[in-house]
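This report refers to the structure that appears directly beneath it.
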Amino acid sequence: MRFWNTYVLAHSIEEALDILSHAPGSALPVAGGTDLLLEIQQGEHEPVHTLVDITHIPELKRLEETEDHLFIGAAVPVSRVAESPLVRHHATAVAEACSQIGGPQVRNSATLGGNVAHALPAADGMIALLALDARAEVASLEGRRLEPMENLFKGPGQTALDLRREILVGFHVPLRRLHQASAFGRVMRPQGVALPILNTAVWVERHGEVIGDIRVAIGPSGPVPRRASAVEAVLRGQPCDQETFAAARRAIRESIRFRSSPLRASAEYRYHLSGVLLEEVVIKAWQRTLEPSVVEAV
Amino acid sequence: MSERLHLWVNGQEVDLPVVPGEMLSDLLRYRLGLTGTKIGCNEMECGACTVLVDGEPILSCSFPAVRAQDKHVLTIEGLSKATEEAMKPSTEGSLHPLQEAFIKYGALQCGFCTPGQIMTSYALLLRNPEPSDEDIKTALKDTLCRCGAYPAILQAIKAAAKAMRTGGPVESPVIPPASKPGKYVGNVHPRPDAVAKVTGHAKYTDDLHFEGMLHARVKRAMVPSAIVTRIDVSKARALPGVVAVLTAEDIPGEHNHGLVIYDWPILVGVGERVRYVGDALAIVAAETREIATQALDLIEVDFELLPVVSDPVQAAQPDAPKIHPNGNLLKHIKVRKGDVEQGFADADVILEHTFYTPMHDHAFLEPECSIARPTPDGRMEVYVGSQIPYADRQQIARALGWPETRVHVIGQLMGGGFGGKEDIAGQIHAALLAHATGRPVKLLYDRHESLIAHPKRHATQIRVKVGAKLDGRLTAVETELYGDTGAYASLGEKVMTRATTHSSGPYEVPHVKADCYAMYTNNPPAGAFRGFGVMQSAFAIESMMDMLAERLGIDPVELRRKNALRVGSVTNTGQVLRQSVGLLECIEKVEAEMRRLGGPNPFEPKTVPGAPHLRRAWGFAVAYKNTGLGGGAPDKAGAEVELRRDGTFQVRTSSAELGQGLPTVLQLIAAEELNQSPRRIEVLLMDTDLTPDGGPTTASRQTFVTGNAVRYAARALKELLTSELSERYDVPPEQVRFVEGLAQINGHALTLQQVAEEMLASGRPPVTSYTYWAPTTRPLGEGGDMHFAFSFAAQAAEVEVNTLTGEVKVLRMIIANDVGYAINPLGLRGQVEGGAIMGIGHTLTENFILKDGQVVTDRLARYRTPSIVHTPEIISFIVEHPVAEGPYGAKGVGEIVLIPTPPAITNAIYNAVGVRVDRLPVDQEMICKALNNC
């Protein structure tokens with residue numbers, strides 16, 4: 001009945017992988033634990049024999065700009081992600097999403113790695129990473145690899161990672177170039193469950209007065225998170241105007257199968273909101289494409 | 001890894017063995033005894049457990065203790081010391097400016113969330129010494145206060161921040177005194193328990209520990225309707241560490257409990273009926289809570305499942321399965337005045353509509369906890385936060401088969417009650433286990449159990465039919481109510497009676513007919529909850545009044561004014577109101593302010609410039625609520641006042657403090673009568689050995705009833721002291737006077753200490769007791785005075801509706817309450833604002849959801865109470881139409897503050913976007929669909 005028997009603070013990826021693969025009973029990596037520990041406490045997840053805390057591994061706490069990407073360590077608290085000038089510039093949608101996860105205390109524990117590993121179809125941080133075309137760096141006993149975000153999910157709440165052998169190291173987000181920008185938005189309902197009815201993240205590249213390129217992620221829009229490629233297709237190459245949004249709304253209806261969930265929202269309400277939210281978020285990102293292309297003050 | 005846990009807590013180095021599975025909150029509370037850190041939900045929702053780890057606020061309830069290895073943890077107990085590092089010390093004593101500001105601004109009531117609020121605020125100020133309102137709302141977003149002290153918390157943080165920036169003292173808030181303040185009553189005065197609550201030293205039941213104490217847990221049915229066919233506890237009994245497992249057959253005394261009707265089984269036995277998911281089947285006491293929890297899983301139970309009755313209308317069908325032997329009708333309640341058919345015949349306009357309200361949970365942040373402890377002299381002590389200590393004593397004794405005096409209930413600080421701590425929770429179970437084991441037993445509910453087990457607010461269906469003349473005068477009101485009283489009676493009959501008698505609103509109506517069916521169902525029991533049924537019926541009638549105003553083309557305020565109760569009016573139960581009817585003044589105050597802020601047409605929708613999809617409008621509603629039990633029930637309270645040997649006074653009564661501020665009220669009353677400053681007066685409450693029975697803390701009655709008892713007991717003590725001294729010093733009584741700490745006898749002064757010593761030496765102890773009987777009331781149906789006083793209120797709410805999404809925000813509220821007399825203006829402010837915020841919660845965020853008798857909202861994450869982000873600007877007016885019998889003219893305030901809020905908001909929504917909300921809570925999807933045809 002104990003939530004865990006052994007709780008290990010790992011100090012390196014190798015140590016964490018070693019303990020995970022050799023632990024006598026069940027074993028899982030844990031970062032903020034704001035999902036996993038809660039589920040264990042509430043009996044929705046079996047107690048775990050060995051929990052390997054990865055929040056003391058320096059590499060997983062890195063948040064830095066490299067030559068071609070922004071690296072956000074999997075164990076960086078989302079409060080730090082939300083406030084980071086680097087993230088706010090290069091991955092505005094991720095910063096916006098992270099600033100809305102839970103409350104301030106939760107954000108000091110919760111991590112993007114956990115948000116992604118928990119694999120819920122509408123996790124705010126994950127939806128934003130998806131729109132930003134981030135790639136996840138995964139460490140295993142065999143070495144490191146980069147995975148597109150889409151490859152990390154098997155089903156609702158089911159990660160494709162083998163958590164006995166693999167650890168999320170962090171996320172590589174392409175650096176923001178001139179005339180590129182991103183944004184995130186969501187709609188909640190005040191009652192019932194604390195999950196958003198709908199969230200949307202958008203990355204856009206402006207070509208003059210048309211949407212040169214765009215990526216859209218909408219959650220929850222299926223068992224696993226995925227980009228809304230049919231919606232992207234109707235927006236791409238079009239001006240950012242009402243006609244385009246009308247087409248996007250049609251594309252949402254034709255390509256996305258929203259579900260009705262009795263305590264959160266009907267599918268009809270989600271279709272309507274999705275059009276409203278998409279327009280709001282695209283316009284927000286579109287306006288940002290005119291911002292300067294360098295980080296103002298790091 | 002190291003097997004030792006090493007960290008610093010409040011600057012002290014701690015080195016302890018690692019305990020597997022231990023969260024930081026457990027380490028702090030149970031191994032280090034730092035019980036200032038509270039557990040409200042244990043699911044990362046409420047923020048009560050907030051502490052700082054290396055300067056960042058985290059939720060210690062779900063933070064593994066091991067993760068704090070080599071880190072610095074700061075808890076509420078360490079805050080005063082923390083000033084040395086980052087902040088200037090407070091100018092007054094050792095309190096941190098935040099602690100001082102929370103006290104001054106009345107930013108705490110029950111105090112249970114206070115450590116979390118202060119720690120979260122402290123973390124904010126570390127990073128942001130000059131936070132805006134928005135910064136504060138962002139930082140405190142998920143640190144919940146069920147008393148709704150948010151407006152005061154916000155102001156307190158700003159005042160503390162300023163004091164810290166400037167190094168000056170914490171500025172005092174501007175809170176008007178009563179219109180005719182006395183020397184003490186009617187003036188702003190801090191709570192006597194405030195320092196303990198802001199420093200984390202205040203003890204709630206779960207903060208107590210006794211040597212050899214066992215931990216109890218309850219095996220609950222978790223099916224809503226069944227016959228128990230088998231219970232096998234043998235495996236649970238065999239588990240090492242389990243000391244006792246009891247079932248129904250082990251109860252030595254009576255098997256049922258209940259506040260009015262003994263219909264609630266303490267434990268459901270084999271062959272007996274399960275009526276809701278929370279029914280208890282077995283109770284376990286073990287060496288640890290973990291073992292007790294494990295034992296629950298080893299108890300085997302078989303059921304024969306029965307059909308589920310899940311709503312009151314279904315329960316009233318002739319073919320509905322019978323939940324109790326006498327059927328499903330707890331009570332058919334009737335109100336008749338005049339001839340309603342004639343009233344409708346006289347009407348020019350008739351409207352009819354049906355409204356729905358859901359169950360609500362009190363969601364007091366302190367979950368239920370009881371500790372029972374057998375004493376060597378063969379008695380049983382029960383430590384519990386209870387609204388009715390003497391009823392607990394009676395019910396515990398009954399279950400043990402003992403005389404009542406063998407049980408000693410020692411009331412503890414309550415982390416909120418709101419009516420939800422009137423019924424028995426774990427008191428009897430803990431006592432049975434303590435009796436069986438001979439050891440102290442603690443029974444603490446977790447939030448999940450609390451949500452499932454304790455009585456809720458009644459869900460209702462209310463049909464309202466009104467008739468009116470073209471000029472707006474009401475000719476008839478007919479209402480039909482169905483109330484879901486759940487599995488057991490609790491206070492259901494009383495609650496639904498109040499709902500029924502108030503269902504035609506605070507209006508003089510010539511012809512009234514109201515019928516209410518309080519029905520048993522297989523849902524959790526429904527009982528007392530702030531507003532006591534009137535919140536539900538006010539939502540219905542006040543929505544209908546706006547519908548009528550629209551139909552007649554009359555201003556909604558004017559329509560209410562025209563029909564409002566006033567002195568000389570006859571209520572729907574035939575009571576002539578002879579005094580203290582401040583409704584019209586409440587209406588005027590709110591209306592004037594609303595038109596000042598909202599212009600001449602506050603009910604017209606306005607578009608927000610630059611955001612055409614946002615529409616704003618005001619809405620208006622009024623209400624009334626009885627003070628006291630009424631309906632012919634004897635309503636009395638006992639109190640004692642004693643001059644102690646040290647020259648201070650003690651006031652004693654069993655009446656309960658749930659956070660509402662009764663100790664301040666009683667302290668101020670005694671101070672006024674004895675002409676001594678409040679600091680010389682200690683108030684002792686809720687102890688069945690030491691304090692006389694003050695009756696239940698319910699029905700907004702304690703200020704009036706216990707307030708009077710204390711007032712008269714204090715007067716009697718003053719008379720006793722006077723006569724004693726006048727005799728002893730042979731002076732006429734007029735020449736004996738009392739001033740601070742002294743008795744003056746004809747120019748000669750004695751300290752009160754000397755007075756006490758002299759009286760004790762002469763065998764005349766300086767103590768008086770008084771039992772105050774409130775004015776007699778008459779049962780419903782007999783006419784005359786059904787209640788001895790009513791409070792009145794008007795509220796206006798300004799909302800903003802997002803027409804694209806249906807989302808609703810409350811921006812501003814204007815409130816006026818006729819409270820008779822404002823004895824304790826600081827506490828009153830807390831009640832007024834907290835009531836409105838609870839009303840906002842009931843309207844926008846709260847919905848206790850059941851599906852076929854199963855609780856869907858069984859976690860705080862699913863039952864959302866309002867947070868500081870839902871807090872609007874609140875403008876409050878206190879109206880004082882004194883009631884002659886009340887202490888200094890005061891009447892009740894605890895409930896009226898909440899009642900008009902839901903219809904004020906829903907009327908505003910209608911005014912903003914033309915969508916009538918007839919079902920609580922407001923469903924943004926419904927609004928969106930109505931506006932967008934989606």
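Predicted model only: the values in this text are computed from it and were never measured. Per chain, numbering begins at 1; letters A, B, ... match sequence-line order.
Counting heavy-atom pairs under 4.5 Å between each of B/M23, B/E846, B/H613 and chain A puts B/M23 at the top. Here A/N108 is the residue among A/D53, A/L273, A/N108 with the most heavy-atom pairs under 4.5 Å with chain B. Highest contact tally toward chain B, considering only A/R107, A/E83, A/H11, is held by A/E83 [criterion: heavy-atom pairs under 4.5 Å]. Ranked by heavy-atom pairs under 4.5 Å with chain A, the list B/H448, B/E22, B/E925 is led by B/E925. Taking B/K141, B/R67, B/E807, B/M44 one by one and counting their heavy-atom pairs under 4.5 Å with chain A, the maximum is reached by B/R67. Here B/L804 is the residue among B/V53, B/L804, B/T138 with the most heavy-atom pairs under 4.5 Å with chain A.
Neither the backbone nor the side chain of B/D446 comes within less than 4.5 Å of any heavy atom in chain A. For A/Q42, the parts lying near chain B are the backbone and the side chain together; criterion is any non-hydrogen pair under 4.5 Å. For a residue to count as touching a neighbouring chain, one of its non-hydrogen atoms must lie under 4.5 Å from one of that chain's; by this rule B/F848 does not touch chain A. At a 4.5 Å heavy-atom cutoff, the contact between B/E56 and chain A is made by backbone and side-chain atoms alike. Neither the backbone nor the side chain of A/S79 comes within contact range of chain B; no heavy atoms are under 4.5 Å apart. For a residue to count as touching a neighbouring chain, one of its non-hydrogen atoms must lie under 4.5 Å from one of that chain's; by this rule B/S867 does not touch chain A. The contact between B/R859 and chain A is made entirely by side chain atoms (from C-beta outward), counting heavy-atom distances below 4.5 Å. Heavy atoms closer than 4.5 Å to chain A are found in the side chain of B/T50, but not in its backbone. Heavy atoms closer than 4.5 Å to chain B are found nowhere in A/S99, neither backbone nor side chain.
Side chains of B/V808 and B/N802 form no contact here, defined as non-hydrogen atoms less than 4.5 Å apart. Inter-residue side-chain proximity for B/V810 and B/H870 is flagged as unmet; no heavy-atom pair is nearer than 4.5 Å. Residues A/V76 and A/T111 have side chains not in contact (no heavy-atom distance under 4.5 Å, counting atoms from C-beta outward). For the pair A/L51/A/L28, a side-chain contact is recorded, criterion being any heavy-atom separation below 4.5 Å from C-beta on.
Note that the CZ atom of A/R288 and the CD1 atom of A/I283 stand 12.5 Å from one another [nearest 0.5 Å].
With 3.5 Å as the limit, one finds a donor-acceptor pair spanning the side chains of A/S266 and B/K929. In this model, no donor atom of one side chain and acceptor atom of the other lie less than 3.5 Å apart for A/S26 and A/E46. For the 3.5 Å distance criterion, the side chains of A/R164 and A/S21 fail to qualify, holding no donor opposite an acceptor.
Classified by interplanar angle (parallel below 30°, tilted 30° to 60°, perpendicular above 60°), the ring pair A/F258/A/Y271 is perpendicular.
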Verify side chain to side chain donor-acceptor pair (under 3.5 Å) between A/S12 and A/E59, making sure each step is shown before the conclusion. CA-CA 8 Å; A/S12 72; A/E59 199 180 347; over 6 Å; no
